[in-house]
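Notes to accompany the following structure.
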Protein chains: 2
Amino acid sequence: MSLQDSQSQSLQDTSKSANCTAMSDVLNRIGDKWSVMVVGILGQNGTLRFNELKRMINGVSQRMLTLTLRNLERDGLVTRTIYPEVPPRVEYQLTELGKTLQKPITALWDWSSANHGSIMDARSIYDARSEALAASEPRKVAYVRG
Amino acid sequence: MSLQDSQSQSLQDTSKSANCTAMSDVLNRIGDKWSVMVVGILGQNGTLRFNELKRMINGVSQRMLTLTLRNLERDGLVTRTIYPEVPPRVEYQLTELGKTLQKPITALWDWSSANHGSIMDARSIYDARSEALAASEPRKVAYVRG
DNA sequence: CGGTATCCATTTGGATACTG
DNA sequence: CAGTATCCAAATGGATACCG
């Protein structure tokens with residue numbers, strides 16, 4: 001145990017699958033981009049209505065936002081409060097559990113914006129190299145075939 | 001700018017979509033569970049061969065591990081080293097960029113294992129409540145219809 | 001406003017078989 | 001060992017229409 005004091009406790013013995021299972025399970029829910037977006041934005045803004053969220057999350061469809069919010073609510077990460085008014089008003093905010101997710105999500109978010117450029121660059125280099133290889137391939141194939 | 005000193009720089013003005021795009025783009029790649037697994041496990045173990053990774057990542061198929069590793073390599077997060085031996089040996093490790101991802105990934109991993117139980121509990125409660133509502137629904141429907 | 005319901009195209013990913 | 005290739009079922013998710 002002392003060996004891992006500075007390491008992630010949960011990253012030990014991943015082969016035992018117990019932690020991998022927990023991680024899988026959690027990632028299946030909160031690992032998709034819409035969930036990350038919702039938690040990130042709710043964490044930043046406190047309380048938001050459905051259409052406010054929709055406007056702030058670039059490209060999300062009504063269907064996906066609804067599904068995402070239901071799942072987050074089911075997992076105890078978000079509260080949904082309905083105000084019986086006309087027109088209806090529904091407000092969403094992070095639960096206490098949801099707020100604890102804010103920190104790791106924000107870390108990931110910051111990493112993303114900080115390293116997006118590096119990733120795009122790496123992709124360009126990789127793709128250029130792949131194309132160069134593909135361009136040299138036909139000759140070999142032609143030789144083999146003909 | 002001074003208002004957000006202690007906040008996530010990237011979480012501002014999400015409605016401008018620029019950061020949302022970066023986040024989306026990064027999450028589409030590194031946000032799936034296999035990528036998180038690979039980065040987490042490679043970060044913990046340093047260097048691993050293909051089948052070592054496969055054994056440590058519970059439930060991954062050969063196909064998915066291959067695809068995941070190719071994408072991580074393309075994004076500059078993982079290096080792939082081929083040793084021209086028989087039988088072939090291929091070793092994977094994190095790049096410097098990949099190592100910077102380790103920290104946020106580990107944070108998420110730790111959060112997952114720490115809160116998996118709470119999430120499962122929340123789901124049980126939510127589902128029980130949903131079933132109760134579903135059970136009371138038929139009467140209303142019957143009344144409306146008949 | 002804040003959904004639900006339905007349809008349908010695309011994507012995802014497991015299983016299986018084959019290869020250098 | 002470390003893949004690649006193919007097939008196919010299931011999940012994902014957008015578009016659209018309708019509802020309280």
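In what follows, chains are A, B, ... by sequence order, proteins preceding strands, each numbered from 1.
Atom-to-atom, CG of Asn58(A) to P of dG14(D) comes out at 12 Å; the value is rounded to the nearest Å. Here dT11(C) presents its C1' atom at 13 Å from CZ of Arg29(B), a figure rounded to the nearest Å. Protein atom CG of Asp32(B) is 13 Å distant from nucleotide atom P of dT12(D), rounded to whole Å. A straight line from CG of Leu67(A) to P of dG14(D) spans 10 Å, rounded to a whole angstrom. Summarising the geometry, the separation between CG on Leu69(A) and P on dC1(C) is reported as 16 Å, rounded to the nearest angstrom. We find that CG of Leu65(A) is positioned 11 Å from P of dT4(C), with the value rounded to whole Å. Leu27(A) places its CG atom 17 Å from the P atom of dT12(C), with the value rounded to the nearest Å. If you measure from atom CG of Asn71(B) to atom P of dT11(C), you get 14 Å, rounded to the nearest angstrom.
Each of dG14(D), dG3(D), dA2(D) was ranked by its minimum atom distance to the side chain of Ser61(A); first place goes to dG14(D). Ranking dC1(C), dG3(D), dT4(C) by closeness to the Asn51(A) side chain, first place goes to dC1(C). Closest approach to the Trp34(A) side chain among dC1(D), dG3(D), dG14(D) is made by dG14(D) (side chain taken as heavy atoms from C-beta onward). Distances were taken from every side-chain heavy atom of Phe50(A) (C-beta onward) to each of dC1(D), dG3(C), dG3(D); the shortest belongs to dG3(C).
Under 3.5 Å, the side chains of Asp127(A) and Ser124(A) contain no donor-acceptor pair of N or O atoms.
Judged by the 6.0 Å and 45° rule, Arg80(A) forms no cation-pi pair with Tyr92(A).
Distances shown here put every side-chain N or O of Arg80(A) at or beyond 4.0 Å from the OP1 or OP2 atom of dG2(C). Within the 4.0 Å cut-off from OP1 or OP2 of dG3(D), at least one side-chain nitrogen or oxygen of Tyr92(B) is found. In terms of phosphate contacts, Arg63(B) brings no side-chain nitrogen or oxygen within less than 4.0 Å of OP1 or OP2 of dA15(C).
Glu85(A) comes within contact range of no nucleotide atom at all, as no heavy-atom separation falls under 4.0 Å.
Side-chain atoms of Thr106(B) come within 3.5 Å of backbone N or O of Gln102(B) as a donor-acceptor pair. With hydrogens and angles ignored, the 3.5 Å screen pairs a side-chain donor or acceptor of Glu52(B) with a backbone N or O of Arg49(B).
Between Glu131(B) and Arg129(B), no side-chain nitrogen of the basic residue sits less than 4.0 Å from a carboxylate oxygen of the acidic one, so the salt-bridge criterion is not met.
Comparing Met64(A) and Pro88(B) by the nucleotide of DNA chain D that holds the closest heavy atom to each, the one mapping nearer the 5' end is Pro88(B).
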